[in-house]
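Scope of the values below: all heavy atoms of this structure, side chains included, with no hydrogens, waters or symmetry mates. Proteins come first, then strands; the chains are lettered A, B, ... in the order of their sequence lines, and each starts at number 1.
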Protein chains: 4
Amino acid sequence: MSNLISLGSDNHSGVHPFILQSIHDCNEGHTPSYGTDPLTIKAKSVFKNHFGPKAQAFFVFNGTAANVLALKSLVKSYQAIICAEDSHLNIDECGAPENQIGCKLIKLPSPDGKIKPIDIEKSMIRQGDQHYSQVAAVSITQPTELGTMYSLQELNDIKTVCKKHKLKLHIDGARFIYAPYYLKCSFETLCQDVDALSFGGTKNGLLFGEAVILFNKNADFKYLRKQSMQLPSKMRFLANQFIHLFSPLSKNEPSTLEPLYLTIAKNSHQLAKYLEEKLCNIEELSITQPVQANSVFVKIPQPWIKPLREKFFFYVWNEANFECRLMLSFDSTKKHIEDFIDHLNNVKSHHPLGDC
Amino acid sequence: MSNLISLGSDNHSGVHPFILQSIHDCNEGHTPSYGTDPLTIKAKSVFKNHFGPKAQAFFVFNGTAANVLALKSLVKSYQAIICAEDSHLNIDECGAPENQIGCKLIKLPSPDGKIKPIDIEKSMIRQGDQHYSQVAAVSITQPTELGTMYSLQELNDIKTVCKKHKLKLHIDGARFIYAPYYLKCSFETLCQDVDALSFGGTKNGLLFGEAVILFNKNADFKYLRKQSMQLPSKMRFLANQFIHLFSPLSKNEPSTLEPLYLTIAKNSHQLAKYLEEKLCNIEELSITQPVQANSVFVKIPQPWIKPLREKFFFYVWNEANFECRLMLSFDSTKKHIEDFIDHLNNVKSHHPLGDC
Amino acid sequence: MSNLISLGSDNHSGVHPFILQSIHDCNEGHTPSYGTDPLTIKAKSVFKNHFGPKAQAFFVFNGTAANVLALKSLVKSYQAIICAEDSHLNIDECGAPENQIGCKLIKLPSPDGKIKPIDIEKSMIRQGDQHYSQVAAVSITQPTELGTMYSLQELNDIKTVCKKHKLKLHIDGARFIYAPYYLKCSFETLCQDVDALSFGGTKNGLLFGEAVILFNKNADFKYLRKQSMQLPSKMRFLANQFIHLFSPLSKNEPSTLEPLYLTIAKNSHQLAKYLEEKLCNIEELSITQPVQANSVFVKIPQPWIKPLREKFFFYVWNEANFECRLMLSFDSTKKHIEDFIDHLNNVKSHHPLGDC
Amino acid sequence: MSNLISLGSDNHSGVHPFILQSIHDCNEGHTPSYGTDPLTIKAKSVFKNHFGPKAQAFFVFNGTAANVLALKSLVKSYQAIICAEDSHLNIDECGAPENQIGCKLIKLPSPDGKIKPIDIEKSMIRQGDQHYSQVAAVSITQPTELGTMYSLQELNDIKTVCKKHKLKLHIDGARFIYAPYYLKCSFETLCQDVDALSFGGTKNGLLFGEAVILFNKNADFKYLRKQSMQLPSKMRFLANQFIHLFSPLSKNEPSTLEPLYLTIAKNSHQLAKYLEEKLCNIEELSITQPVQANSVFVKIPQPWIKPLREKFFFYVWNEANFECRLMLSFDSTKKHIEDFIDHLNNVKSHHPLGDC
């Protein structure tokens with residue numbers, strides 16, 4: 001794929017140069033392993049600065065682990081976790097939640113990637129009945145798998161129903177950097193009344209690494225992480241990547257105080273909007289979801305898909321109706337989009353659609 | 001610990017510069033994630049070159065996972081795994097083997113880090129008895145936790161008893177790079193009749209990453225890895241680190257064909273021998289284990305330990321008799337050792353031992 | 001509930017007198033425990049006689065265990081099991097399948113208690129994709145939770161789709177005794193191409209006990225059963241109950257060769273049909289499912305439910321529409337039904353329904 | 001084994017007639033299932049009467065489950081449970097504790113079946129170290145696997161060390177009925193400062209059934225039991241067996257107020273003592289453990305074992321030194337013992353031992 005531009009996923013990109021620099025910067029000398037080094041301590045305090053004083057960050061290797069361990073710290077095996085039908089948790093983890101937590105997932109419909117408070121309400125059945133997995137937590141994805149964003153009002157409505165039924169609330173935030181940018185509010189505000197957040201690094205320019213952020217007591221978590229095979233050894237490198245994600249790109253230009261995560265979110269989102277705009281001009285296509293993060297969902301005529309993918313990789317999200325996902329990343333550029341649109345027009349001209 | 005030299009562990013070191021370079025080298029452009037990229041395919045073939053045509057390498061994040069998943073692919077939950085009492089598997093994984101495999105560990109005495117075929121024989125009881133966890137695999141550590149090495153004869157004796165009782169054989173090779181160097185034979189020879197090997201990267205200069213090498217059928221493994229939360233996303237970076245570990249340090253000097261892993265093994269082992277030699281000159285100390293890899297086990301008078309650790313970090317291995325572990329790494333130097341010995345002599349002069 | 005007649009469940013009944021007699025009959029002297037006694041051996045051969053020469057019966061304590069262990073012997077943790085949305089497996093085991101097998105359940109719609117081959121077909125997605133729990137087995141309930149019965153044709157259609165996709169087939173047969181009676185065919189015919197059957201005892205007159213019947217290799221099962229805490233100690237009593245379930249009620253009347261299970265199935269089914277007939281005469285009620293086993297599903301006007309339950313216990317199956325389940329058992333009688341109908345008419349006269 | 005007397009185990013006996021009667025007595029009519037029936041409620045209060053007001057009894061099917069679920073309610077998966085090397089928990093459950101709790105067992109030496117407080121003390125290492133399974137509970141067996149009994153002083157010493165280190169204390173009481181009889185104190189006194197007790201039924205005359213008695217909060221337990229496949233359906237029969245175990249044998253003889261469990265304990269223990277006395281007269285034999293419950297451990301010359309077992313079944317406990325276990329039960333009689341001794345003398349005369 002060396003010459004191929006991928007619109008497949010933001011994990012098809014490599015490492016952001018500034019993040020890679022962070023790995024160099026801490027490669028001198030010896031430090032304790034397993035999280036007792038000074039950089040890990042510093043990174044944990046950076047998370048407190050952004051997510052509030054209750055936020056306790058724990059670093060793990062990947063997104064599967066971040067979601068599963070965050071939830072494992074919130075529920076017991078005889079309880080159930082509500083999630084969206086199309087959530088990563090449900091359909092892209094090879095059953096890791098069931099296997100590692102030993103519990104049941106209850107899937108709610110999510111045509112726009114979001115679950116609805118009314119559906120949570122309807123799931124609150126058989127409380128106290130020993131035969132039934134007791135609903136105890138809700139996991140939402142923000143932004144969702146479909147590139148949409150729960151609005152602040154929608155978030156609050158979810159929080160309200162959780163409070164009413166004493167449900168723990170978890171956010172799968174593999175791409176959480178887009179939320180404060182799009183919703184114009186702080187991480188801390190977004191996380192009010194949230195019990196645990198999986199804060200993604202890998203999809204946002206890191207080499208690897210995610211943070212589980214727990215907002216309540218968590219004395220058990222370090223043992224759970226180790227027993228679940230997720231305690232990184234040379235933790236300083238993980239920690240310093242996150243420190244840089246929250247730092248401005250260049251220390252030499254004091255006027256720019258924008259932290260890197262925001263630079264990345266801005267770039268990818270704006271390019272996604274630009275791509276959407278371009279796609280709207282082609283009448284054979286139809287955008288299927290509002291563009292609120294870094295992906296565009298669009299139905300593409302089937303005959304075009306194969307030739308399109310010869311130059312640009314992307315996923316067919318729905319095999320039934322040829323809805324495709326086009327995803328932008330920190331290293332995406334306007335030129336990528338323009339080249340893609342050129343190619344699309346070229347494909348269009350070579351594959352005219354019949355009267356169907 | 002910025003100015004502190006650590007003799008604590010080889011994971012207190014950072015990343016070998018040549019390995020870090022490998023990360024840079026593959027940071028251009030887009031590639032598929034989750035192991036379908038060209039570098040992962042290449043790395044898998046590098047492992048075949050070194051470990052024989054049956055060797056199937058799978059990359060995972062850390063050593064706990066490498067051991068647990070390798071063994072999970074070999075045994076069922078109602079079976080038991082024989083291991084050394086002092087093995088990482090038994091005492092340093094927070095119960096991950098029991099938790100993730102759901103099986104029992106049977107611990108054999110290992111005063112020199114090694115288990116004995118006769119003790120395996122004695123463990124072969126109650127076969128066919130439904131009440132008893134059926135012994136089905138042996139896991140040995142090479143080199144051992146005590147820096148010792150099973151000789152080729154000892155290895156063969158273990159393999160013979162395993163074959164006799166149809167036991168699967170696993171090697172925890174967190175520091176396996178020292179085995180072919182010390183025993184003067186190939187990886188492939190060492191792995192004959194082995195079912196699975198955890199081949200360590202992190203302790204040998206990598207940023208992170210271990211390879212599970214399976215020598216038999218393994219159609220399940222990719223699912224087990226994913227479900228166990230160990231499928232790395234940007235796999236190319238993991239793969240390229242391993243490719244470099246098996247490449248000569250500099251491509252510009254064609255005369256030097258020594259692969260990096262050998263350079264590292266040679267350096268750390270020779271420094272360990274040098275340290276041992278120096279320590280032998282101090283009569284208050286006693287070396288407790290033969291030095292066959294990259295660590296020196298030595299009893300140090302208790303009053304010296306605290307002042308020693310003010311400048312050099314190391315672990316007291318046995319709190320009962322003050323046996324300490326001094327470990328060398330890829331970035332250890334002769335000067336580190338000489339400084340340590342100077343400091344030791346200094347401590348000795350300030351803390352004379354009474355008649356005890 | 002001493003004076004209360006229950007239409008709640010067939011496990012509200014006690015033990016059939018002939019079964020209780022079987023416990024007495026084998027209470028003399030000493031026998032080996034854990035299944036090596038002569039009666040267990042005999043019972044296993046009785047199952048072979050009825051279910052065919054491949055049938056291997058293993059006794060366990062209860063229905064949850066029978067289902068979970070049967071399925072655990074068929075699938076791996078990274079695979080998925082298809083079942084009906086309303087199946088016991090899915091909603092009445094407190095998450096035991098997920099917890100004990102570590103796998104995912106995929107629920108198909110089942111408005112009449114049955115799943116459809118077309119829905120199985122549609123679930124056969126992402127085979128070979130390491131991120132997705134691989135569909136590997138289908139579990140159906142016969143008769144279903146709604147008292148309906150897969151016809152022979154429907155069964156064959158399920159078997160055909162399973163064969164096509166190499167899916168294992170499990171039957172939850174908590175009330176399987178009704179199947180050969182209603183479908184007029186042998187157990188062996190019903191179980192052709194079935195991999196595992198949970199054959200219920202408790203709901204059919206036993207004190208306790210279910211049989212897991214495996215039709216393929218099962219060398220592991222004895223260990224799985226023990227490790228899953230389901231190996232009964234005084235197994236002879238379990239075995240002899242099953243022997244009696246397959247024996248004619250009275251040995252003194254040679255003309256009657258009908259085995260007890262058939263006597264029970266006949267009685268409960270015929271009474272269910274009788275009850276259905278009586279209920280049809282009351283226009284305010286509506287039967288919601290065909291009566292094909294031992295239960296009647298009927299919508300009852302809400303105001304009647306409380307007074308009805310003062311004398312006869314039953315479950316409101318669907319709180320939304322007041323569909324109720326009335327279940328007959330081996331000890332149900334015509335008089336119970338007549339008394340219930342009398343009471344119903346009495347309630348009706350005291351609780352006239354408005355114009356709604 | 002119909003004519004064979006077993007000295008093999010107390011679960012080779014059938015059901016005590018009074019217990020079997022209890023099953024008859026509650027076989028009339030309909031009752032709710034799963035533990036909401038009046039007899040279950042009564043049985044729970046009987047346990048409170050004997051074990052103190054904090055005692056909450058939960059019925060499960062067998063001893064494996066009682067031990068595993070009691071402990072599962074006390075520890076987390078990353079913790080460790082201390083037990084005796086020879087405990088059932090460790091060597092006779094096919095790894096169920098590791099599998100079902102997901103935790104580690106730490107085995108202490110137990111030459112007389114008992115663990116020592118000093119060995120518990122020595123196990124209290126690495127508290128707070130995330131790499132090490134945290135010791136959190138102690139499980140002792142009373143009476144032990146070797147038919148010995150912790151004295152009240154020994155029990156208190158165990159309790160003291162548990163309190164000191166905040167360890168939970170569990171008693172495996174498969175044969176707990178012998179403890180109050182032998183130690184001449186109440187169940188309540190024995191269970192002071194105990195967190196959970198597995199109170200055995202099956203080995204003491206029941207058809208099946210054990211009680212998990214929890215002395216602290218246990219809101220979770222009902223769900224754990226169900227999810228672990230141990231919720232009995234027709235619970236009344238389990239409950240009534242226990243009610244009878246705590247009732248005097250005959251209600252017609254008001255002078256005898258001795259509850260059945262005591263009658264059974266007295267009979268089996270006294271016969272064990274009688275057997276010990278007889279065996280002591282045979283100089284080729286040697287008693288290896290004090291007889292404090294219902295079994296006698298005795299070394300028997302190897303040539304005698306096969307002919308002895310032709311008429312009386314028993315287990316060779318230790319294959320290395322031919323230590324055998326002879327176990328008495330509720331239905332053992334003086335005549336059994338005398339017949340056994342006759343047979344032993346007969347075997348002795350036909351198999352004279354050489355000068356060895």
Chemist: Does D:Lys44, at its NZ atom, have more than 12 non-hydrogen atoms belonging to other residues, nucleotides or ligands within less than 6.0 Å?
Modeler: yes
Chemist: Can you tell me which portion of D:Ser77 sits under 4.5 Å from chain A's heavy atoms? Options are side chain, backbone, both or neither.
Modeler: both
Chemist: Check whether A:Ser133 gets within reach of chain D through its side chain, its backbone, both or neither, counting any heavy atom under 4.5 Å.
Modeler: neither
Chemist: Report the relative orientation of the aromatic rings in D:Tyr78 and A:Tyr223; use parallel for angles under 30°, tilted for 30 to 60°, perpendicular for over 60°.
Modeler: parallel
Chemist: If you take all heavy atoms of A:Tyr34 and D:Gln130, which pair is closest and at what distance?
Modeler: O-NE2, 3.4 Å
Chemist: Chain D: which of A:Gln134, A:Arg225, A:Lys76 shares the most heavy-atom pairs with it under 4.5 Å?
Modeler: A:Gln134
Chemist: About how many Å separate CD of A:Gln227 and CD of D:Gln79, when rounded to the nearest 0.5 Å?
Modeler: 10.0 Å
Chemist: Please determine whether side chain to side chain contact (heavy atoms under 4.5 Å, CB included) holds for the pair A:Tyr132 and D:Lys226, giving the CA-CA distance in whole Å, both sets of side-chain angles, and the decisive distance to 0.1 Å.
Modeler: CA-CA 9 Å; A:Tyr132 191 72; D:Lys226 173 68 189 180; over 6 Å; no
Chemist: Under 4.5 Å from any heavy atom of chain D, what part of A:Asp129 do you find: side chain, backbone, both or neither?
Modeler: backbone
